[in-house]
Enquirer: 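Okay, handing you the structure first.
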Amino acid sequence: MSGKPYLSICTATFMSAGDLQTFKEKAMTFNSEKAVDYLKQNGQINFSIIEAADDDSRAMVIWEYENEEGRDKCQEFRNSWFKYEDNYMVKGTWLRGHRTFDWSIGS
C-alpha cells in the first residue's frame, strides 16, 4: 500500500443553486467537530467544497487522506451519509487516486 496522499474528488453538477446549498448544509452536519476529530484520527487530512465561480450549481468536492489506508478507515463513516434522505439532485463524476506530484510539498 502506498504512503502517498490519497484523494477522492467529485465534480458535482446540481439541479439548482438551492440543491447545492442543501448539500452544503448536509456536509456541515456530517463534518461536526466530533466527526472531524474521528476522521483526522483515522487518516483524513481535509474535506473541501469548491464552488464554481461561473455557475452557482456546480462544485468540486475533495476528500484528502494521508494514504489509501486512511480512506479505507474513514469510508464506513462516509457511507453513513447515504442512510439519511437527500433533498437535492446531483450528477457526479469521480476521480480517486494517489497524489503523484505537488510542487507545494516537493513531491
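When a residue number appears, it is its place in the shown sequence, counting from 1.
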Enquirer: With Tyr65, which residues qualify under ring pair (Phe, Tyr, Trp, His ring centres under 6.0 Å), at least two apart?
Expert: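 Residues passing ring pair (Phe, Tyr, Trp, His ring centres under 6.0 Å) with Tyr65: none at all.
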
Enquirer: Asn79: which residues meet the side-chain hydrogen bond (donor to acceptor under 3.5 Å, both in side chains) condition with it, sequence neighbours left out?
Expert: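 Counting only residues at least two positions away or on another chain, Asn79 forms a side-chain hydrogen bond (donor to acceptor under 3.5 Å, both in side chains) with Gln75.
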
Enquirer: Side chains of residues 52-63: which donor-acceptor partners sit under 3.5 Å, not counting sequence neighbours?
Expert:
{"residue": "Asp55", "atom": "OD1", "partner": "Ser57", "partner atom": "N", "Å": "2.9"}
{"residue": "Asp55", "atom": "OD1", "partner": "Ser57", "partner atom": "OG", "Å": "2.8"}

Enquirer: Would you give the length of the straight line joining atom CD of Gln21 to atom OH of Tyr88, rounded to the nearest 0.5 angstrom?
Expert: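 The distance works out to 12.5 Å.
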
Enquirer: Scan residues 39-52 for pairs that pass salt bridge (charged side-chain N to carboxylate O under 4.0 Å, His left out), counting only residues two or more places apart or in two chains.
Expert: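 Output for this query lists Lys24-Glu51.
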
Enquirer: Could you go through residues 8-17 and list every donor-acceptor pair under 3.5 Å that involves a side-chain atom there, pairing it with any protein atom two or more places apart or in another chain?
Expert:
{"residue": "Ser8", "atom": "OG", "partner": "Arg96", "partner atom": "NE", "Å": "3.2"}
{"residue": "Ser16", "atom": "OG", "partner": "Gly18", "partner atom": "N", "Å": "3.3"}
{"residue": "Ser16", "atom": "OG", "partner": "Asp19", "partner atom": "N", "Å": "3.1"}

Enquirer: Given 3.5 Å as the limit, does a donor-acceptor pair link the side chain of Thr29 with the main chain of Glu25, or not?
Expert: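 Such a contact is found between Thr29 side chain and Glu25 backbone.
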
Enquirer: Arg99 and Glu64: side-chain contact (heavy atoms from CB on, under 4.5 Å), yes or no, with the steps?
Expert: CA-CA 10 Å; Arg99 178 181 295 142; Glu64 186 172 357; 2.6 Å; yes

Enquirer: Grouping I, L, V, M, F, W and Y whenever their side-chain heavy atoms are under 4.5 Å apart, do Trp94 and Phe47 come out in a common cluster?
Expert: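 Yes.
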
Enquirer: Minimum heavy-atom separation for His98 to Lys4, with atom names?
Expert: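 Taking His98 first and Lys4 second, the nearest heavy atoms are CD2-O, 3.7 Å.
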
Enquirer: What's in the same ILVMFWY side-chain cluster as Val36, cut-off under 4.5 Å, chained through other members?
Expert: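 None; Val36 is a cluster of one.
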
Enquirer: Report the residues that fulfil side-chain hydrogen bond (donor to acceptor under 3.5 Å, both in side chains) with Thr22, sequence neighbours left out, ordered by chain and then residue number.
Expert: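 Not a single residue meets the side-chain hydrogen bond (donor to acceptor under 3.5 Å, both in side chains) criterion with Thr22.
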
Enquirer: Which residues pass the side-chain hydrogen bond (donor to acceptor under 3.5 Å, both in side chains) test with Arg78, sequence neighbours left out?
Expert: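 Per chain and number, Arg78 pairs via side-chain hydrogen bond (donor to acceptor under 3.5 Å, both in side chains) with Asn31, Gln44.
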
Enquirer: Can you list everything that forms a side-chain contact (heavy atoms from CB on, under 4.5 Å) with Phe77? Sequence neighbours excluded, please.
Expert: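 For Phe77 the side-chain contact (heavy atoms from CB on, under 4.5 Å) partners, ignoring immediate neighbours, are Phe30, Ala35, Tyr38, Leu39, Ser80.
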
Enquirer: What's the spacing between Glu66 CD and Asn46 CG if we round to 0.5 Å?
Expert: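 Rounded to the nearest 0.5 Å, the CD-CG separation comes to 12.0 Å.
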
